[in-house]
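Take a look at the structure below.
All values below were derived from every heavy atom in this structure, side-chain atoms included, with hydrogens, water molecules and symmetry-related copies excluded. Chain naming here is simple, since letters A, B, ... match the order of the sequence lines and numbering starts at 1 in each.
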Amino acid sequence: MARTEQQSNDKFAGRWFWRYAAPAAFYPLAGKIEKIGWVLAVVLAAIGLYMGFFVAPTDATQGEVYRVIFIHVPAAWMTMVIYLAMAFWAGTGLVLGTRLSFMMSHALAPTGAIMAVVALWTGSLWGRPTWGTYWVWDARITSTLILFFLYVGYMALSAAFDDKKKGDRASALIALVGAINVPIIYFSVKWWTTLHQGSSVRPGSSSMATTMLWAMLIMTFAFWAYCVAAAMHRLRTQIIEREAGAAWLDGATK
Amino acid sequence: MYCGYCVGLGGLQGARGFVNPCSSLRLEALAAERGGKAVFTDVSVNVEARTLLRVLGPNGAGKTTLLRILAGLGAPSAGSVQWRAPDDSERSPNEAAMFAGHANAMNEALTVAENLSYAAALAGIDCTPMNLRRALTQLGVEKLINRRFGSLSQGQRKRASLARLLLRAQAGERAWLLDEPFVALDTDTQAQLAALIGEELAAGAIVVLTSHQAVAINAPKMQELML
Amino acid sequence: MYCGYCVGLGGLQGARGFVNPCSSLRLEALAAERGGKAVFTDVSVNVEARTLLRVLGPNGAGKTTLLRILAGLGAPSAGSVQWRAPDDSERSPNEAAMFAGHANAMNEALTVAENLSYAAALAGIDCTPMNLRRALTQLGVEKLINRRFGSLSQGQRKRASLARLLLRAQAGERAWLLDEPFVALDTDTQAQLAALIGEELAAGAIVVLTSHQAVAINAPKMQELML
Amino acid sequence: MSLRAATGAVFRREMQLFARRKSDWANPIVFFLIVCSLFPFAVGSESEKLKLIGIGVIFVGALLASMLSLPRLFEEDARDGSLELMLASSEPLAVLILARITALSLGLGAALTVATPVFALFYALPFDVAGMLALSVALAVPTLLLIGAIAAALLVSARGGAILTAVLVLPLTIPTLIFGAGAALRVLNGQSPVAELALQGAFLLLALALCPLAAAAALKISTD
Amino acid sequence: MSLRAATGAVFRREMQLFARRKSDWANPIVFFLIVCSLFPFAVGSESEKLKLIGIGVIFVGALLASMLSLPRLFEEDARDGSLELMLASSEPLAVLILARITALSLGLGAALTVATPVFALFYALPFDVAGMLALSVALAVPTLLLIGAIAAALLVSARGGAILTAVLVLPLTIPTLIFGAGAALRVLNGQSPVAELALQGAFLLLALALCPLAAAAALKISTD
Amino acid sequence: MNWESWSAFWDMGGRGFFVWGSYGALLIAVVAELLSLRSARKAAIRSLHDDHETL
Ligand code: HEM
Ligand SMILES: Nc1ncnc2c1ncn2[C@@H]1O[C@H](COP(=O)(O)OP(=O)(O)OP(=O)(O)O)[C@@H](O)[C@H]1O
Ligand SMILES: Nc1ncnc2c1ncn2[C@@H]1O[C@H](COP(=O)(O)OP(=O)(O)OP(=O)(O)O)[C@@H](O)[C@H]1O
Ligand SMILES: [Mg+2]
Ligand SMILES: [Mg+2]
């Protein structure tokens, strides 16, 4: 059984983590993080896109179409990173019983799912000119699709409970079960693609110019900043919904 | 129907290997939540053997919630529940008590005997055919032992499912947690159940009861808990 | 709150196009079955406007079954039910009466207003926003009009769903069939509902009521039916 | 006039529910997507094979997704008591049921139709086949929901769940399946799909005429 | 001793239910049969085509049939209150759940395993492939039920039904699907299926070790 | 500078559909997410103040 927040608070009283584990304390901090996130996202995206389109040279083998990479790769990475973060907070919530942890994983899930859609969409559009087809049953691609299913399952499950607290714990459990399965699925799909190799074209890796690499890295940081800001915004909305009636909220939302 | 273990021989090993047939119950600063909202807080009470504890309160006061916590079916948000044997060793709720809620806990496709012996096995009771027949006879439904539960009338169902409480090897051995047990019973059966509760109390059991109906029960000791 | 149509002007066309706002009810040699077994037989009764009909009987006597037949939700196995306007023309149960059973008949994902206007449309009532607001105000829950039904507490739910009865264009226009309406209501709301029933009766309606609780209702005329 | 009000109310409520509870249409789509992506794992990823089974898989997936949405028609209403409002109404029950099915068909049908061509990409199907498949699905979903409503109405008060619904409904949908998948197969083979489409339309009209009446009778039986 | 008695009781009860209610295993088989026979209508009946898709269709059909049987695990018990007997027991919940899943796996697994080679003949698959497919199904059904038990336990107190169960469970079964269908494909191609079978066995063991614990935690969450 | 003219920029060496299709989808996704974030916040604050009235 999970410890209750009260018990945990007593035990760990005074540590910074527990101070911010209280929604009331984290609400203003989340606001600050959110603001910084939006600013960074806009600035970094501006720099990254400028570099990507105007500084980075045309790719020798692919031509201009490779410029999709500046959003495709960051989106694909965020899909995985956010899933891990979501499962981490879900686990924290189950073990420590802190409300904020569950809210954190709920706040991350929709952004993660959107990143999965962006990775799949941009990858498909990129695949057509490079591999001659929109879709290939490649291991990396297929795992991204399954990761998308796991996100949707998590969100659908938490929406299926009228009792929020139960929904929190139930969906946290399914997030953890999914997290254990991700590597199993990845290696199974990899095995499967080698089993069925032949017709499908496999993604080749091209050596990249350093400006391309830089543009991609900067865009990755822009995606990070965006995802953090969006998650913090969603987190604050949830705090408002769930702490309705708490006195401190009146001042905070006026 | 007198429970020797309880009054005089606490801690002595019984003839068939039973230790400490009776219990006492202590709630300390108990609080519970449902759906994130506090239902009750700071409930403390001490119940000895041979006591009837009536839990009172309006709809939604948390009576069912409390009984489920006592049965080990829910966790309190704060405080503690302790079932203790007379020698003061702690017991698990499942060893100490039997819970009967709104639902019958009987599968309609199985016979009465099959349902009851399943319930006994899960409660850790060694249910002999004799025990089973005796329990059904006490409720006047021994004829139904091999009938499919789904083929019984509402009243017969209720009686057959109450037989679960009487499966224990020895009267008074376990506490009874009864949530609105008189609902849907006609007056005869109500009186019969009240008598059974009285006997169990006399034999040394604790009975915790919620009921919106005022049914007279002949209890050695009585306590009330208002939620 | 006096229903002129009913007493003096039976059959006259009302100002807003309503004919015959009140009804009378006649049961003749009514019998019903559930699951192949007779529940009651040979029930005959005659109920005029402004009458409270209390249906009495133990659990399983068939009170709910009877009310559902009156509402047109079930068919009798023998006999007949006739709802009649004062000019003696026959009316369908849906035009003549509104039924409120154990369930709230409100969808949890929709708002109170959406639920109520759906119910009104199916009952053939032309539900204006004003009607709706007035009904909710009478029950003291006008603030909840745009709240999702699922977000209400049990008591708020019960009140909001009772507002369905008050949506009729004119008091006394329809008979009310109430199956255990006081269950789960606190004493204040019980009194409030009893007063509303009294007003509806005074305005000319028939009210048919089953209740295991004894709540005082101020009725112009009262009949009892024992099942 | 009152009939119009009642039907309008039933239809509007269904649409409000769709708008309010995203999972009602999102889950069937995701289910559809998952079923479609299971087959390549079992059959192999060679695009020739995939092209062969693609039409069948997508069509069966859409059938299963709409079949599993059937409980939505009456189950929740039966639980919360609002089904009685519909049963007690003096308007003809069949028309009210038809309004409900129409709303569900529009919501679910639109979602599945939009998703179909996207999934066709998984199976390396050409654009014109994908389009025809979407049209077939758009015609098939209402037919299936109409037939399925009868089973859903019968099962309101029975134990058995999704699997019994499937056992009752799926055999009845075989004609729709044959001609629905057939139309897309024709296009894949460069032939004209007109005959198949006409037959699908005929099935839909027949279902429109008969199924609401049967579902109304079934609902009366199972709630009596 | 008491643990053995309790587990035995859970197992025995499940078996009695299977014996008493034929529809519990008959319906999934019929569903399986229907799904398997839908595809030839949609794909065409040339035996070359059928052979290509047969393994995949049969395997996915078995997955869907066992997934739709999942509600049987806890739903009815939650409704009639007997789930509480299991929850209140002092024996470890995970072991009791394992006993239940074992019984269901034996009942449903046996039925599906016996049906598989018959359906394989529909798809013109050779005997050795049919046999290997039956073995694969026999290994896959328990794995699926173990994984699915987690979702079934979570959904005891949630709205959502069969379709949400599918959305939660199916993605997690992809590894089982890959190696289960893979083993039969190997035999079809005249290769050795040992590696695939070994991996399937490994998944089953892993699921045996982890899933009952997760399902017990899930059940506690949803009945709290 | 990579591009001779704006039209060359939009053309992306003949692959404009794929490149702008990708960036456009990202834009739509981001805008949709931002809108839904904002409407969810508004709804939360509205129901917060509704609650206060009825308490
Ligand atoms: C885990 C998810 C993914 C990651 C980490 C990822 C990462 C990458 C990286 C680093 C590249 C550039 C390096 C290279 O050329 O190999 C790339 C290229 C590509 N990706 Fe992804 N990707 C993911 C998912 C997807 C998906 C879902 C699709 C398609 C729907 C896709 C389609 C492509 C295509 C077409 C290319 C260009 C390949 C080429 O240059 O030949 N990727 N991806
Ligand atoms: N499953 C649940 N999820 C969320 N809240 C619940 C749940 N069950 C009960 N509650 C709430 O918990 C509170 C206590 O409920 P409980 O059933 O314990 O009351 P009770 O005293 O037994 O009432 P009654 O006299 O009606 O049986 C109520 O406010 C109720 O609304
Ligand atoms: N769905 C059903 N199928 C078969 N029999 C039923 C069904 N519902 C009720 N019955 C039976 O019909 C009889 C009358 O039931 P009804 O619900 O009308 O009683 P009631 O007088 O309303 O009782 P209560 O006071 O408990 O509300 C009972 O014997 C009951 O067992
Ligand atoms: Mg209670
Ligand atoms: Mg009744």
Side-chain angles (χ1 to χ4, degrees), chain C residues 17 32-36 64-65 67-77 83 90-111 113-128 148-151 157-158 161 164 167 174 177 179, chain D residues 1-27 72-100 103-104 107 156-158 216-217 219-224:
Chain C
E33 294 184 347
R34 289 308 293 264
T64 302
T65 309
L67 257 68
R68 290 177 57 90
I69 291 175
L70 298 186
L73 286 169
S77 59
W83 289 100
E90 199 159 340
R91 310 175 100 185
S92 77
N94 188 55
E95 284 161 15
M98 307 199 72
F99 172 71
H102 296 262
N104 284 323
M106 310 277 272
N107 187 297
E108 301 207 342
L110 301 177
T111 66
E114 285 163 351
N115 271 306
L116 289 175
S117 58
Y118 173 70
L122 285 184
I125 294 172
D126 177 25
C127 167
T128 62
R148 209 166 49 78
F149 189 71
S151 74
R157 283 174 193 221
K158 196 77 197 182
S161 64
R164 189 157 60 84
L167 292 176
R174 293 189 179 225
L177 309 174
D179 194 12
Chain D
M1 149 54 213
S2 175
L3 176 60
R4 189 148 26 104
T7 357
V10 171
F11 184 84
R12 198 169 339 106
R13 174 167 178 274
E14 206 67 14
M15 285 301 184
Q16 284 165 344
L17 280 175
F18 256 108
R20 225 48 68 75
R21 281 202 307 234
K22 311 278 183 293
S23 58
D24 275 2
W25 48 267
N27 286 353
R72 196 184 171 293
L73 269 180
F74 306 116
E75 210 181 74
E76 188 182 14
D77 275 23
R79 219 172 327 115
D80 70 19
S82 29
L83 192 59
E84 288 178 351
L85 299 176
M86 222 160 94
L87 289 167
S89 173
S90 12
E91 312 309 330
L93 186 55
V95 179
L96 300 180
I97 291 179
L98 182 59
R100 269 204 114 132
L104 185 58
V156 156
S157 61
L219 207 51
K220 285 210 176 108
I221 289 170
S222 66
T223 55
D224 187 23

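In this structure, chain D has a heavy atom under 4.5 Å from the backbone of C/Met106, while its side chain stays farther away. Looking at C/Ser161, there are no atoms closer than 4.5 Å to chain D (heavy atoms on both sides), in backbone or side chain. Contact annotation for C/Ala75: only backbone heavy atoms (N, CA, C, O) come within less than 4.5 Å of a heavy atom of chain D. Only the side chain of C/Arg34 comes within less than 4.5 Å of a heavy atom in chain D; its backbone stays farther off. For a residue to count as touching a neighbouring chain, one of its non-hydrogen atoms must lie under 4.5 Å from one of that chain's; by this rule C/Ala123 does not touch chain D. D/Leu83 does not touch chain C: none of its heavy atoms, backbone or side chain, sits under 4.5 Å away.
Under the salt bridge (Lys or Arg N to Asp or Glu O under 4.0 Å) criterion, D/Arg20 pairs with C/Glu114, not counting sequence neighbours. A search for salt bridge (Lys or Arg N to Asp or Glu O under 4.0 Å) contacts involving C/Arg164 returns nothing, not counting sequence neighbours. Not counting sequence neighbours, C/Glu33 has no partner by the salt bridge (Lys or Arg N to Asp or Glu O under 4.0 Å) test.
Across C/Gly124 and D/Ser2, no two heavy atoms sit closer than the pair CA-OG, 4.1 Å. Across C/Ala119 and D/Leu85, no two heavy atoms sit closer than the pair CB-CD1, 3.8 Å. Residue D/Gly81 comes nearest to C/Ala103 through the heavy atom pair CA-CB, 3.7 Å, listed as atom of the first residue, atom of the second, then distance.
The most heavy-atom pairs under 4.5 Å with chain C, out of D/Lys220, D/Arg13, D/Gln16, come from D/Arg13.
In this structure the side chain of D/Glu76 never reaches within 4.5 angstrom of the side chain of C/Glu108, judged on heavy atoms.
Residues of residues 86-93 of chain D that come within less than 4.5 angstrom of chain C, heavy atom to heavy atom, are D/Met86, D/Leu87, D/Ala88, D/Ser89, D/Ser90 in numerical order.
Once rounded to the nearest 0.5 Å, the distance linking CG of D/Leu17 with CG of C/Leu110 reads 4.5 Å. Note that CG of C/Asn115 is 7.0 Å distant from OG of D/Ser82, once rounded to the nearest 0.5 Å.
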Inset, instruction - Begin with the C-alpha distance, continue with both residues' side-chain angles, and end with the deciding distance and a verdict on side-chain contact (heavy atoms from CB on, under 4.5 Å) for C/Asn107 and D/Asp80. - result: CA-CA 7 Å; C/Asn107 187 297; D/Asp80 70 19; 4.1 Å; yes
